[in-house]
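Count residues from 1 along the sequence.
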Amino acid sequence: MGKLTLEITEEPIVGNAGLVAMGELMRISDIDSTCAKRESPNYQVAEKDILRSLGGLIGIGKVGFDHVRQFKNSEFFVTALGVGRVPSEATLRQRFEAMSLDRNVHEAMPM
């Protein structure tokens, strides 16, 4: 049997099953059409990408906005969650806060 070599890298260790599960839940919930009803053309990162990124972080047990930083260049994160653009931590925090304060969010929700 060959030797196992361990290296210290900057690559995050992530349980990918949580990302895949959250991506599928987002697809089934049709979150994209709900977000499309509320979307502002002034934003570079779509509202659906904010919610999908947050869902992905929750799915792998990362609950801080700053954790999104480690997935900025992760092709798997983008593909598994169906994210168009991974937001920066500041954008994620600010936009989610704005969404949470929006009193008209119920109008976009499916009946």
Side-chain angles (χ1 to χ4, degrees):
M1 179 182 264
K3 289 187 176 184
L4 181 63
T5 305
L6 298 178
E7 294 180 39
I8 297 175
T9 68
E10 297 296 318
E11 186 69 26
I13 298 173
V14 177
N16 291 331
L19 290 177
V20 173
M22 286 305 288
E24 186 63 11
L25 286 171
M26 297 282 185
R27 186 190 65 75
I28 291 169
S29 71
D30 199 24
I31 196 78
D32 294 354
S33 66
T34 301
C35 290
K37 296 174 187 175
R38 302 174 28 82
E39 198 63 58
S40 170
N42 298 331
Y43 292 124
Q44 292 180 2
V45 179
E47 190 166 278
K48 73 175 188 73
D49 293 339
I50 298 293
L51 294 178
R52 285 177 174 269
S53 294
L54 278 170
L57 292 175
I58 291 168
I60 57 174
K62 307 261 184 183
V63 295
F65 295 114
D66 58 326
H67 289 116
V68 78
R69 184 179 333 136
Q70 69 189 41
F71 300 103
K72 196 70 173 157
N73 297 314
S74 172
E75 186 177 334
F76 188 83
F77 187 85
V78 168
T79 303
L81 293 171
V83 173
R85 183 174 180 179
V86 178
S88 68
E89 61 186 278
T91 298
L92 185 63
R93 181 185 52 76
Q94 291 166 0
R95 294 278 305 284
F96 185 66
E97 182 178 6
M99 281 186 238
S100 70
L101 296 173
D102 185 356
R103 300 289 182 212
N104 298 320
V105 72
H106 66 279
E107 293 174 7
M109 302 301 283
M111 297 289 177

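A continuous path of ILVMFWY side-chain contacts below 4.5 Å connects Phe76 to Val83, so both sit in one hydrophobic cluster. Grouping the Ile, Leu, Val, Met, Phe, Trp and Tyr side chains by contacts below 4.5 angstrom, directly or via other members, places Phe96 apart from Tyr43. A single hydrophobic cluster is not seen to contain both Val78 and Ile58; linkage of ILVMFWY side chains at heavy-atom distances under 4.5 Å, directly or through other members, places them apart.
Residue Arg52 holds its CZ atom at 4.0 Å from CG of Asp32, rounded to the nearest 0.5 Å. Here CD of Glu89 is found 11.0 Å from CG of Leu57. Values are rounded to the nearest 0.5 Å. To the nearest 0.5 Å, atom CE of residue Met22 and atom CG of residue Leu54 are 9.5 Å apart. Considering CD of Gln94 and CZ of Phe65, their distance stands at 10.0 Å, rounded to 0.5 Å. Here Glu47 contributes atom CD and Cys35 contributes atom SG; the two are 4.5 Å apart, rounded to the nearest 0.5 Å. Here the straight-line distance linking atom NZ of Lys72 with atom CD of Gln70 works out to 13.5 Å at 0.5 Å rounding.
Taking both residues in full, the closest heavy atoms of Leu19 and Gly56 are given as CD2-O, 3.6 Å, listed atom of the first, atom of the second, then distance. Summarising the geometry of Pro87 relative to Val45, their closest heavy-atom pair is CB-CG1, 4.0 Å, with the distance given to 0.1 Å. Scanning both residues, Phe71 and Ile60, for their nearest heavy atoms gives CZ-CD1, 3.4 Å.
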Leu51 vs Met99, test: side chain to side chain contact (heavy atoms under 4.5 Å, CB included). Steps then yes/no. CA-CA 10 Å; Leu51 294 178; Met99 281 186 238; 3.9 Å; yes

Take Met26 and Leu81 through the test side chain to side chain contact (heavy atoms under 4.5 Å, CB included) and record every step on the way to the result. CA-CA 8 Å; Met26 297 282 185; Leu81 293 171; 5.5 Å; no

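Under the salt bridge (Lys or Arg N to Asp or Glu O under 4.0 Å) criterion, Arg85 pairs with no residue, sequence neighbours left out.
Not one N or O on the side chain of Arg27 forms a donor-acceptor pair closer than 3.5 Å with the backbone of Gly82. Of the possible polar contacts, none joining the Lys62 side chain to the Val68 backbone as a donor-acceptor pair under 3.5 Å is found.
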